[in-house]
Amino acid sequence: MAVVLIIGAGGVGRVVAHKCVRNADTFTSITLASRTLEKCRVIQEELPEGAIDIAQIDADNTRDVVTLIKRTGAEILINVALPYQDLTLMDACIEAGIDYVDTANYEHPDEAKFEYKEQWARDDAFKKAGIMGLLGSGFDPGATNVFCAYAQKHYFDEIHTIDILDCNGGDHGYPFATNFNPEINLREVSARGRYWEDGVWIETEPMAIHMPWDYPEIGVKESYLLYHEEMESLVKHIKGLKRIRFFMTFGESYLTHMKVLENVGMLGIEPVEHHGHKIIPIEFLATLLPDPASLGARTKGKTNIGIVAEGIKNGRKRKIYIYQVSDHEACYQEVNSQAVSYTTGVPAMIGAKLIVEKQWYATGVFNMEEFDPDPFMEAMNRQGLPWNIQEL
Ligand code: NDP
């Protein structure tokens, strides 16, 4: 049905490549391109011979990406490189006239700030080009936005509060490592907390608000309030919403390491002078830390990510919990990646599949909750991410 170009051969790119190959009726030709060709080759060798083509690309260079799109005949691009590449890749899609999917909102490399502004600003250009851009088709953002839309459609007349709850109960055996790109991860968790209530954003000190939550199949874990990008679009699209917050679990060892690294300046994003060279501390730290892609083989335990929504149905109060549990070892067995990459890569593939099959299609730039959640939820069950709903 469509030729796909996947950009980024990291932990998530591996999962997307594996899952596209398993959906060969939708993705008739697959190219995986990334900065380091060797990483594409390793993934290519895990797959049946001839299942994917590979290419080297600098995704910061729109021209080169347009040339690659034309050479491969791609009709849709799945961006699982880094958030820094979102704009150059969106611009390449506009120029080449093909659809676009990503999993994380744009971040400027020099400023730790997550927002959709510059991606939403491309809505007109996407409309003019007659193409679709689907933003944040990972798990959170991604599946969590779809959970909210599903709750809205089937369970509530009005949703008043949403808590997004993200638990990684996995253990990789290292004293400190991050489960996805260290730079993106550490920038996210060291930032000030922020949530939305009664129409305004409220800021907190990093990790200032926390609560225990009993995650099904994992147990009680302390969960910390963070800012997370899906809230920016959900406050626009979920009607009647009064408050939305995002919580993520962290172990004590992780938090202690983070605090020490922050105190000694290792999380800095400004260049510093070191023996006549300029280095960026957080980039250097990322070089020292284990490659997230290497954690898969040693990670045990489960992830549980979901939403708790409270509101009104037929004049009565209601509270529901929609969540998905993935097992790190089972994910690794299936696609050689741990559950954090798996739970991101599968929704990226599903988002692209729904676009290719025109189950989700409109021209312009969209967030996940703007489409009918049902086909996505059904696809999650079929593609390895079965979910549950509890009335609380
Ligand atoms: P990795 O760092 O493992 O992989 C990123 C890949 O992109 C690497 O292969 C890297 O190349 C490549 N890349 C980086 N810059 C360029 C460039 N300029 N040109 C071409 N290729 C480039 O990250 P992950 O796989 O863990 O994450 C991928 C994306 O998924 C990120 O945007 C992340 O924020 C997002 N994510 C989203 C989640 C969600 O639930 N929505 C959860 C987790 C991640 P090289 O190997 O040469 O460095």
Side-chain angles (χ1 to χ4, degrees), residues 5-18 31-43 54-65 68 77-89 92 101-107 109 112 114 119 134-147 164 166 168 177-189 226 228-231 233 246 248 282-283 286-287 289-296 303 305-306 324 326 335-351 367-368 385:
L5 175 59
I6 305 163
I7 307 256
V12 179
R14 160 177 280 110
V15 178
V16 176
H18 276 255
T31 300
L32 173 65
S34 197
R35 182 165 52 193
T36 313
L37 187 64
E38 192 44 38
K39 293 201 180 171
C40 301
R41 202 184 312 282
V42 171
I43 297 171
I54 57 170
Q56 196 279 331
I57 190 69
D58 175 6
D60 291 319
N61 186 323
T62 299
R63 265 296 77 242
D64 289 356
V65 179
L68 179 63
L77 182 151
I78 305 178
N79 167 16
V80 279
L82 296 180
Y84 313 135
Q85 278 81 50
D86 287 1
L87 300 184
T88 47
L89 291 175
V101 176
D102 69 28
T103 66
N105 71 9
Y106 174 66
E107 257 189 275
F114 309 85
Q119 292 183 275
L134 183 62
L135 307 183
S137 190
F139 207 99
D140 48 342
T144 50
N145 301 55
V146 177
F147 288 172
I164 300 165
D166 177 332
N168 179 4
T178 62
N179 285 295
F180 63 97
N181 183 276
E183 234 182 290
I184 306 294
N185 187 206
L186 294 171
R187 280 168 67 149
E188 181 175 272
V189 301
L226 301 181
H228 220 243
E229 63 196 64
E230 63 264 52
M231 294 192 287
S233 67
F246 179 96
M248 191 179 268
I282 199 163
E283 280 183 4
T287 306
L289 290 175
D291 174 0
S294 73
L295 299 178
T303 59
I305 314 175
Q324 197 284 325
S326 286
V335 295
N336 296 345
S337 277
Q338 34 77 1
V340 176
S341 303
Y342 188 91
T343 54
T344 309
V346 175
M349 182 283 293
I350 294 173
N367 294 92
M368 308 286 286
L385 295 176

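Both counts, for ligands and for their atoms, begin at 1 and track the order of listing.
Checked against a 3.5 angstrom limit, the closest N/O atoms of G8 and ligand 1 fall outside it. Remark: ligand 1 and L82 share no N or O pair separated by less than 3.5 Å (distance only, no angle test). For ligand 1, the polar-atom distance check finds no N/O of I7 at less than 3.5 Å from any of the ligand's N/O atoms.
Residues L89 and D102 have side chains not in contact (no heavy-atom distance under 4.5 Å, counting atoms from C-beta outward). K39 has its side chain out of reach of V42: every pair of non-hydrogen atoms, C-beta onward, lies at least 4.5 Å apart. Considering only heavy atoms from C-beta on, Q85 stays 4.5 Å or farther from I7 through its side chain. Contact check for L385 versus S326: side-chain heavy atoms found under the 4.5 Å cut-off.
Counting the atoms of ligand 1 from 1 in the order shown, those under 4.0 Å from a heavy atom of A9 are 6 (C), 9 (O). Atoms of ligand 1 lying under 4.0 Å from at least one heavy atom of A59, given by number and element, are 17 (C), 18 (N), 19 (N), 20 (C). Residue-ligand proximity, I57 to ligand 1, at heavy-atom distances under 4.0 Å covers atoms 19 (N), 20 (C). Residue G11 has at least one heavy-atom neighbour below 4.0 Å for each of these atoms of ligand 1: 3 (O), 25 (O). Proximity to D60 (heavy-atom distance under 4.0 Å) selects the following atoms of ligand 1: 18 (N). Near A104, meaning under 4.0 Å from one of its heavy atoms, ligand 1 places the atoms 32 (O), 34 (O).
Protein heavy atom closest to atom 47 (O) of ligand 1, with residue, atom name and distance, is T36 OG1, 2.4 Å. In terms of protein heavy-atom proximity, atom 24 (P) of ligand 1 is closest to V12 CG2, 3.8 Å. The nearest heavy-atom contact from the protein to atom 11 (O) of ligand 1 is S34 OG, 3.6 Å. For atom 46 (O) of ligand 1, the nearest non-hydrogen atom of the protein is K39 NZ, 2.8 Å. When only non-hydrogen protein atoms are considered, atom 2 (O) of ligand 1 lies nearest to N181 ND2, 2.9 Å. The nearest protein atom to atom 30 (O) of ligand 1, hydrogens excluded, is given as T103 OG1, 3.1 Å; this is a heavy-atom distance. Taking atom 26 (O) of ligand 1 as the reference point, the nearest protein heavy-atom neighbour is F180 CB, 3.3 Å. Of the protein's non-hydrogen atoms, G10 CA, 3.2 Å is the one closest to atom 4 (O) of ligand 1.
Applying side chain to side chain contact (heavy atoms under 4.5 Å, CB included) to L295 and the options S337, S341, P290 leaves one that passes, P290.
At least one donor-acceptor pair under 3.5 Å links the side chain of E229 to the backbone N or O of N105. In this structure, the side chain of N79 does not engage the main chain of V101 through any donor-acceptor pair within 3.5 Å. Using modelled atom types, one side-chain atom of Q56 and one backbone atom of R35 make a donor-acceptor pair closer than 3.5 Å. Between the T88 side chain and the A59 main chain, a donor and an acceptor come within less than 3.5 Å of each other.
Shown here are the side-chain hydrogen bond (donor to acceptor under 3.5 Å, both in side chains) partners of T144, two or more places apart in sequence or in another chain: E230.
Contact annotation for A81 and ligand 1: heavy atoms of both the backbone and the side chain come within less than 4.0 Å of the ligand. When heavy-atom distances to ligand 1 are checked against a 4.0 Å cut-off, T344 comes that close only through its side chain, counted from C-beta outward. Contacts with ligand 1 closer than 4.0 Å are made by heavy atoms of both the backbone and the side chain of R35.
With rounding to the nearest 0.5 Å, the separation of NE2 in H18 from CD1 in I43 is 7.0 Å.
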Starting from the C-alpha separation in whole Å, work towards a yes-or-no answer on side chain to side chain contact (heavy atoms under 4.5 Å, CB included) for V335 and V346.
CA-CA 11 Å; V335 295; V346 175; over 6 Å; no
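Distances shorter than 4.0 angstrom occur between a heavy atom of P141 and an atom of ligand 1. Residue G142 places every heavy atom at 4.0 Å or more from ligand 1.
Between F139 and F147, the ring planes are perpendicular. Angles over 60° get that label, and only those under 30° would be called parallel.
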